[in-house]
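What follows is a set of notes on a single structure, which appears directly below.
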Number of protein chains: 2
Amino acid sequence: MTKILYVEDEPALGKIVKESLQSRNYEITMAEDGLAGLRAFESMQPDICILDIMLPKMDGYTLAEEIRKTQPKMPIIFLTAKSQLNDVLKGFKVGGNDYLKKPFSLEELIIRIENLLTLTSGQVSNAQEINFGKFKFLPLRYELKCPDNTFKRLSHKEAGILSLLLKHANSTLERKEILLKLWDDDSYFNSRNLDVYITKLRDYLKADPNVEIITIKGIGYYFSY
Amino acid sequence: MTKILYVEDEPALGKIVKESLQSRNYEITMAEDGLAGLRAFESMQPDICILDIMLPKMDGYTLAEEIRKTQPKMPIIFLTAKSQLNDVLKGFKVGGNDYLKKPFSLEELIIRIENLLTLTSGQVSNAQEINFGKFKFLPLRYELKCPDNTFKRLSHKEAGILSLLLKHANSTLERKEILLKLWDDDSYFNSRNLDVYITKLRDYLKADPNVEIITIKGIGYYFSY
DNA sequence: TGTAAACAAGGTTAATTAAGGTTAATGAGG
DNA sequence: CCTCATTAACCTTAATTAACCTTGTTTACA
């Protein structure tokens with residue numbers, strides 16, 4: 001899924017835009033000032049940034065410069081209420097790829113996001129059922145069909161983690177990605193939780209020894225079957 | 001098509017909300033101050049009004065009174081900043097109203113629009129009959145036809161919840177949405193009620209084991225058949 | 001350079017907290 | 001007094017936190 005960092009200090013507008021983008025299957029993280037934006041950028045690794053120009057603590061241009069220090073090719077869309085030519089020019093000088101005047105149209109914003117993204121990211125699996133090893137997983141029903149043909153009902157979190165593992169089957173899935181996707185937060189305060197769920201899933205999956213959740217210490221998990 | 005009058009003086013927010021509502025097939029007319037809002041109301045005959053409280057020339061409160069002089073039952077949703085909410089509630093408790101704090105969620109707004117419209121038209125659902133599993137639901141008659149061909153008369157709330165579940169069949173229905181639609185309020189004080197109705201519905205529906213209301217803790221329900 | 005503390009990351013199990021389920025009692029309105 | 005909506009009391013289960021254990025990785029020093 002495409003990850004978007006959106007830095008906006010107007011809560012009313014921000015909430016609506018965030019939600020509209022989410023409903024189009026973007027994964028969106030918000031920050032309300034420049035410094036928070038920079039911190040969010042460092043922890044989330046977005047695919048694209050949408051930055052308001054006038055922001056508390058650090059303006060959008062400066063934020064863009066900071067971002068470009070570590071990710072020189074990061075696509076950035078600037079939003080501004082000021083529609084003066086100077087601002088536009090300054091925005092492109094920093095290397096911003098696009099520029100949108102407020103009030104802007106949501107369709108315009110989405111078109112610009114799509115245009116800027118060179119990544120053709122993988123589709124979200126809305127599959128009815130997924131077979132793996134001797135198991136079958138029904139994501140919409142939160143059910144796991146075991147080798148002995150019994151059904152195990154998974155909780156919301158269990159199903160979410162299993163879905164992620166399956167999406168990244170036979171490749172590595174970062175711990176951080178799971179935490180961000182299921183808890184919106186990858187801080188350690190929030191995190192032993194995940195280990196508990198991994199233990200549970202390993203327990204559910206032990207009926208087929210070829211299905212394994214392999215720990216890659218410091219990185220995440222490798223799901224193999 | 002449902003006609004909405006939306007009076008909002010914040011252009012950035014206004015444009016986004018207008019567009020989002022249009023994309024959901026509402027016909028929407030905007031005005032940027034109270035007087036323009038009143039003129040628009042007189043010429044367009046909307047089905048519902050969404051009014052910001054703080055408006056130039058005439059505030060939303062006064063505008064609502066003017067509107068009610070000619071259309072006493074016109075459904076009105078007020079948008080207010082949090083700080084003003086108490087004052088507004090104090091003097092104005094006429095039926096057919098709703099309040100939304102800024103920043104608000106677009107989903108919440110849409111739920112409230114639909115809620116107010118169905119309240120004024122008194123309908124649970126406009127379909128004649130809905131088949132699911134071994135059951136048939138007659139929303140207009142509040143009747144459930146069971147696998148054994150007996151009829152069970154449902155109460156208003158029971159029928160409302162079943163309608164919602166059916167509308168979201170085989171996908172998740174948020175608890176919050178049910179509470180907002182049927183109780184106008186998603187606070188916990190108001191809520192064990194819903195659990196009681198879910199228990200009742202599960203009891204009515206137990207005759208077909210393929211029909212299931214699956215709990216997704218912290219989120220809502222998944223209605224599967 | 002080998003080995004052992006020290007540390008960091010994760011595993012496991014159990015306890016706690018919070019969300020929801022169930023059943024019965026109460027209340028409000030015809 | 002009916003019926004439906006709401007509240008209350010108590011029970012069950014999911015999510016989280018805590019405590020303690022295991023294993024891999026550094027680092028320090030002989």
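To find a chain, count down the sequence lines: A is the first, B the second, and so on, and within it residues start at 1.
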Task: B:Y225 vs B:L166 side-chain heavy atoms within contact, under 4.5 Å - done: yes
Open item on the list: Could you tell me how far apart A:L179 (CG) and D:dT17 (C1') are, to the nearest whole angstrom?
Closed with: 15 Å
- [ ] Return the nearest nucleotide to the side chain of A:V196; candidates are C:dT23, D:dA18, D:dT6.
- [x] D:dA18
Task: Ion pair A:D195/A:R175, N-O distance below 4.0 Å - done: yes
Open item on the list: Testing B:I67, B:V7, B:L63, B:I4 one by one against B:C49 for a side-chain contact (heavy atoms from CB on, under 4.5 Å), which residue passes?
Closed with: B:I67
Open item on the list: Output the rounded distance in Å from CZ (B:R175) to C1' (D:dA14).
Closed with: 14 Å
Open item on the list: Can you pull out the residues from residues 151-158 of chain A that lie within a 4.0 Å heavy-atom distance of DNA chain D?
Closed with: A:S155, A:H156, A:K157
Open item on the list: Just so I know, are the side chains of A:F223 and A:F132 near enough to count as touching, which here means a heavy-atom distance under 4.5 Å?
Closed with: yes
- [ ] Using only side-chain N and O atoms of B:W183, determine if any of them is under 4.0 Å from OP1 or OP2 of D:dA5.
- [x] no
TODO: To the nearest Å, give me how far apart CG (B:N193) and P (C:dA28) are.
DONE: 15 Å
Result block: side-chain N/O donor-acceptor pairs under 3.5 angstrom for residues 146-153 of chain A, not counting sequence neighbours:
{"from": "A:D148", "atom 1": "OD1", "to": "A:T150", "atom 2": "N", "distance (Å)": "3.1"}
{"from": "A:D148", "atom 1": "OD1", "to": "A:T150", "atom 2": "OG1", "distance (Å)": "2.7"}
{"from": "A:R153", "atom 1": "NH1", "to": "B:E212", "atom 2": "OE2", "distance (Å)": "3.1"}
{"from": "A:R153", "atom 1": "NH2", "to": "A:E143", "atom 2": "OE2", "distance (Å)": "2.8"}

- [ ] Compare all side-chain heavy atoms of A:F41 with those of A:E66 and state whether any distance is below 4.5 angstrom.
- [x] no
TODO: Choose from C:dG20, D:dT17, C:dT13 the nucleotide whose nearest atom is closest to any side-chain atom of B:D195.
DONE: C:dG20
- [ ] Let me know, please, whether A:Y197 or B:Y197 comes out on the 5' side of the other along DNA chain D by nearest nucleotide.
- [x] B:Y197
Task: Separation of atom NZ in B:K176 from atom C1' in C:dG20, rounded to whole Å - done: 18 Å
Task: Interatomic distance, A:L194 CG vs D:dT17 P [rounded to whole Å] - done: 13 Å
TODO: Let me know the distance between NZ of A:K200 and P of C:dT13, rounded to the nearest Å.
DONE: 12 Å
Task: DNA chain D contacts among residues 201-221 of chain A, heavy-atom distance under 4.0 Å - done: A:K217
Task: Salt bridge present between B:K200 and B:D203 (N-O < 4.0 angstrom) - done: no
TODO: Taking only the side-chain nitrogens and oxygens of B:R192, find out if one of them lies under 4.0 Å from OP1 or OP2 of D:dA8.
DONE: no
Open item on the list: Measure CD1/A:I198 against P/C:dT13 and give the value in whole Å, please.
Closed with: 15 Å
Open item on the list: For a 4.5 angstrom cut-off between non-hydrogen side-chain atoms, does B:L154 reach B:F137?
Closed with: yes
Open item on the list: With rounding to the nearest 0.5 angstrom, report the OG1 to OH distance, B:T215 to A:Y142.
Closed with: 11.0 Å
Task: Phosphate contact (C:dG11 OP1 or OP2) by A:T199 side-chain N/O below 4.0 Å - done: no
